[in-house]
Amino acid sequence: VQLQASGGGSVQAGGSLRLSCAASGSIFSINVMGWYRQAPGKQRELVAAAPRGAGTHYSDSAEGRFFISRDNAKNTVYLLMNSLKPEDTAVYFCNAEGVYSYGGVYYGDYWGQGTLVTVSS
């Protein structure tokens, strides 16, 4: 199983970016797909998560500005980030929690390689 993230880049404050992360491999289902971020000198933190069923979860800083969605058929998760602020600057990592194969084998949890988002004031 591999997760490939894309969509990072540099943007001015107030701008928008859309991140994508595709999971590949012999995957039947993924329980939760989400995005984390890690700013320089800080710990990795949850930004948003999307369970396989209904519902989403956002950090306080992301609520109302960021929107997570997933395409289960493509095993892909997206993060639309609006009204970006300089404090959103970080490396963003996608995460797949609870990955199962077609045979019902539990693969585990996986991380993408990270994509850098830089927001200038």
Side-chain angles (χ1 to χ4, degrees):
V1 176
Q2 290 187 328
L3 271 63
Q4 182 68 46
S6 61
S10 297
V11 64
Q12 289 191 328
S16 298
L17 281 175
R18 186 178 186 240
L19 306 182
S20 300
C21 177
S24 61
S26 183
I27 299 170
F28 174 71
S29 65
I30 302 173
N31 285 348
V32 182
M33 299 190 80
W35 290 94
Y36 290 70
R37 69 186 183 188
Q38 187 166 15
K42 295 187 176 181
Q43 289 189 334
R44 191 173 298 188
E45 62 176 1
L46 175 67
V47 177
R52 181 172 175 81
T56 53
H57 173 77
Y58 296 94
S59 66
D60 289 344
S61 61
E63 184 76 52
R65 298 188 299 127
F66 295 3
F67 300 93
I68 189 171
S69 60
R70 60 185 284 180
D71 184 334
N72 291 329
K74 297 180 179 180
N75 292 320
T76 299
V77 63
Y78 307 93
L79 184 68
L80 175 61
M81 303 184 292
N82 297 321
S83 303
L84 283 161
K85 305 174 181 180
E87 51 264 43
D88 294 318
T89 295
V91 177
Y92 284 70
F93 298 89
C94 59
N95 172 263
E97 179 183 315
V99 181
Y100 288 85
S101 74
Y102 283 96
V105 175
Y106 176 64
Y107 282 146
D109 304 336
Y110 293 86
W111 290 93
Q113 83 282 13
T115 184
L116 177 63
V117 172
T118 303
V119 184
S120 58
S121 58

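Predicted model, so just to flag it, every value in this text is computed and none were measured.
- In this structure a side-chain-to-backbone donor-acceptor pair under 3.5 Å is missing from Arg52 to Ser29.
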Task: Worked verdict on Tyr58 versus Phe67 for side-chain contact (heavy atoms from CB on, under 4.5 Å) - done: CA-CA 8 Å; Tyr58 296 94; Phe67 300 93; 4.1 Å; yes
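- The line from CG of Leu79 to OH of Tyr92 is 7.5 Å long, rounded to the nearest 0.5 Å.
- Between Gly8 and Leu19, the shortest heavy-atom distance links the atoms N-CD2, 3.5 Å.
- The backbone N or O of Val119 sits less than 3.5 Å from a side-chain atom of Thr89, completing a donor-acceptor pair.
- Under a hydrophobic clustering in which Ile, Leu, Val, Met, Phe, Trp and Tyr are joined whenever their side-chain heavy atoms come within less than 4.5 Å, directly or via other members, Ile68 and Val32 fall into different clusters.
- In terms of heavy-atom proximity, Ser6 sits nearest to Thr115 at C-OG1, 4.5 Å.
- Evaluation of the salt bridge (charged side-chain N to carboxylate O under 4.0 Å, His left out) rule for Glu45 yields Arg37 as partners, not counting sequence neighbours.
- Contacts of Tyr36 classified as ring pair (Phe, Tyr, Trp, His ring centres under 6.0 Å), with partners at least two apart in sequence or in another chain: Trp111.
- Screening residues 54-64 for salt bridge (charged side-chain N to carboxylate O under 4.0 Å, His left out), with sequence neighbours left out, gives no hits.
- Placement of Val1 and Trp35 within a single hydrophobic cluster is found when ILVMFWY residues are connected by side-chain heavy-atom separations under 4.5 Å, directly or transitively.
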TODO: Determine, stepwise, if the pair Cys21 / Val77 fulfils side-chain contact (heavy atoms from CB on, under 4.5 Å).
DONE: CA-CA 5 Å; Cys21 177; Val77 63; 3.7 Å; yes
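- Each of Leu84, Thr56, Leu80, Leu17 was compared with Phe66 under the side chain to side chain contact (heavy atoms under 4.5 Å, CB included) criterion, and only Leu84 meets it.
- In terms of heavy atoms, Ser16 sits closest to Ser83 at OG-N, 4.3 Å.
- Rounding to the nearest 0.5 angstrom, the gap separating the OG atom in Ser121 from the CD atom in Gln12 is 9.0 Å.
- Remark: Asp109 pairs with Tyr106 by the side-chain hydrogen bond (donor to acceptor under 3.5 Å, both in side chains) rule, at least two apart or across chains.
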- [ ] Would you check, one step at a time, whether the test side-chain contact (heavy atoms from CB on, under 4.5 Å) holds for Ser26 with Tyr107?
- [x] CA-CA 10 Å; Ser26 183; Tyr107 282 146; 3.9 Å; yes
TODO: Could you give me the CA-CA distance, side-chain angles and deciding distance for Met81 and Val11, then say whether side-chain contact (heavy atoms from CB on, under 4.5 Å) is met?
DONE: CA-CA 11 Å; Met81 303 184 292; Val11 64; over 6 Å; no
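- The neighbour count for Gln2 CD, taken as heavy atoms of other residues, nucleotides or ligands under 6.0 Å away, does not exceed 12.
- Contact between Ser120 and Pro86 at its shortest, heavy atoms only, is C-CG, 4.5 Å.
- Residues that satisfy the salt bridge (charged side-chain N to carboxylate O under 4.0 Å, His left out) test with Arg65, not counting sequence neighbours, are Asp88.
- Separating the CZ atom in Arg18 from the OG atom in Ser69 is a distance of 6.0 Å, to the nearest 0.5 Å.
- Not counting sequence neighbours, the partners of Phe28 by the ring pair (Phe, Tyr, Trp, His ring centres under 6.0 Å) test are Tyr102.
- Here CE of Met33 is found 6.5 Å from OG1 of Thr76. Values are rounded to the nearest 0.5 Å.
- Phe93 CZ to Gln113 CD: the interatomic distance, rounded to the nearest 0.5 Å, is 9.0 Å.
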